[in-house]
Amino acid sequence: MCGSLGAVFSQITNNHIYNIWTKRLFAGAEIAGIKIHASIDVLIKNNRIHNAGRGMWMDWMAQGTHITGNLCYNNTNDDLYCEVDHGPYLIDNNIFLSEIGFRDMSEGGALVHNLFTGKITRAPDRRLTPYHRPHSTEVVNTKNILGGDTRFYNNIFVKGYADIPTLDDRPAARRPMIGYGLDIYNNAELPMQVNGNVYYKGAKPFNKETNFVEQPGFDPQIKIAEEGESVYLYITFDKSYKALKTTLITTQLLGKVMIPDLAFENPDGTPLKIDTDYLGNKRNEKNPSAGPFEKPTVGKQLKLKVW
């Protein structure tokens, strides 16, 4: 699925997208399972995307975008790429299992209650890109991307792939930052909001985060299994997971992004809250569970139907 401005105010839901760019014989723009310019107030929900090279690619003008409840795996480039966006855009209750879970070349996002087993990469971009009036295609101005102004609440990060090579002959200014977890945001130019995240198997926390669980020696044994038309996720949670104190994600908590000076809210302008999980279960509003699943059983391997 691909479009520029044509998806504004639309919904992309309940699709199975797979075998895109299968031979990888060439590369170029617009190759992804879902690639949208100007995903203004677009809802992308409950899609299964795999073997697509790049899963979802939100190019400039992702404002009011809501990406929730998607299952992404076996994508060779990344599961989600946000390119030169100023936000606000909300990414919640997704399962990202590819080697690169999130490629961040933007600012003004909120990533909450997601599961990442792959790397996070980020690289600020000096291109001038537009931002808009609330819930509108009317352009206010253009601004370059400084990086930061991003929120990470109640996610689970796992070092699910190989170590990251340290050799890179590109100049430092052009070199992307790559890591498992959020330590790559330690020097972000704009302020960050980070709280209530879980880091397993060597994934690293943000250096200013004070409320988190880090268990470098614990392997949650995550794997995906396709059985006929169904997909199952195998995962294990350790006991420390239950001790984490978290906060319900709301418009008030997330605040306003800096460049458009806009809040995270519903397309009709009403406040939002993330009060259900990936499976549609009600969240505990006083202490919601980190990751996409509310109140998972701790201490044994779970088999969860995720599609």
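Throughout, residue positions are numbered sequentially from 1 according to the sequence presented. What's counted below: heavy atoms across the whole structure, side chains too, no hydrogens, waters or symmetry copies.
When each of Asp92, Asn93, Thr276, Asn154 is tested with His113 by the rule side chain to side chain donor-acceptor pair (under 3.5 Å), just one qualifies, namely Asn154.
With hydrogens and angles left out, the side-chain atoms of Gln215 and Ser240 include a donor and acceptor closer than 3.5 Å. A donor-acceptor pair shorter than 3.5 Å can be found between the side chains of Asn197 and Glu209.
In the hydrophobic clustering (ILVMFWY side chains linked at under 4.5 Å, chained through shared members), Tyr131 is joined by Val140, Ile259.
Salt bridge annotation for Asp163-Lys159: present, with a cationic side-chain nitrogen under 4.0 angstrom from a carboxylate oxygen. With respect to the salt-bridge test (charged N to carboxylate O, under 4.0 angstrom), the residues Asp219 and Lys201 qualify. Salt bridge Lys282/Glu294: absent, no basic N to carboxylate O contact under 4.0 Å. Taking 4.0 Å as the cut-off between side-chain N and carboxylate O, Glu265 and Lys273 do not count as a salt-bridged pair. Here Arg103 does not pair with Glu83 in a salt bridge; the nearest charged N to carboxylate O distance is not below 4.0 Å.
Below 30°, between 30° and 60°, or above 60°: for His16 and His50 the angle between ring planes is below 30°, a parallel geometry. Note on ring orientation: taking the six-membered ring where Trp is involved, the planes of Tyr278 and Phe293 are perpendicular (angle over 60°, cut-offs 30° and 60°).
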Would Asp104 and Tyr81 count as a side chain to side chain donor-acceptor pair (under 3.5 Å) here? Give the steps. CA-CA 6 Å; Asp104 183 7; Tyr81 179 22; over 6 Å; no

Test side chain to side chain donor-acceptor pair (under 3.5 Å) applied to Asn70 and Asn94, step by step: CA-CA 5 Å; Asn70 299 283; Asn94 298 283; 3.1 Å; yes

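Side-chain atoms of Thr129 and His86, non-hydrogen and from C-beta on, do get closer than 4.5 Å to each other.
The distance from atom OG of Ser136 to atom CD of Gln63, rounded to the nearest 0.5 Å, is 8.5 Å. Taken to the nearest 0.5 Å, the OG1 atom of Thr22 stands 8.5 Å off from the CD1 atom of Ile20. A distance of 11.5 Å separates CD in Glu285 from CD1 in Ile274, rounded to the nearest 0.5 Å. Put simply, CZ on Phe102 and CD1 on Ile91 are 6.5 Å apart, with the number rounded to the nearest 0.5 Å. Taking CG of Leu71 as the reference point, atom CZ of Arg48 lies at 7.0 Å (rounded to 0.5 Å).
One hydrophobic cluster, built from ILVMFWY side chains closer than 4.5 Å, cannot hold both Leu254 and Leu248; they sit in different ones.
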Review item, side-chain donor-acceptor pairs of residues 29-38, under 3.5 Å, at least two apart:
unit_1	atom_1	unit_2	atom_2	d
Glu30	OE1	Lys35	NZ	2.3
Lys35	NZ	Asp59	OD2	3.3
His37	NE2	Asp59	OD2	3.0

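Taking the six-membered ring for Trp and the full ring otherwise, the centers of Tyr185 and Phe152 sit less than 6.0 Å from each other. Taking the ring centroids of Phe157 and Phe116, they lie under the 6.0 Å cut-off.
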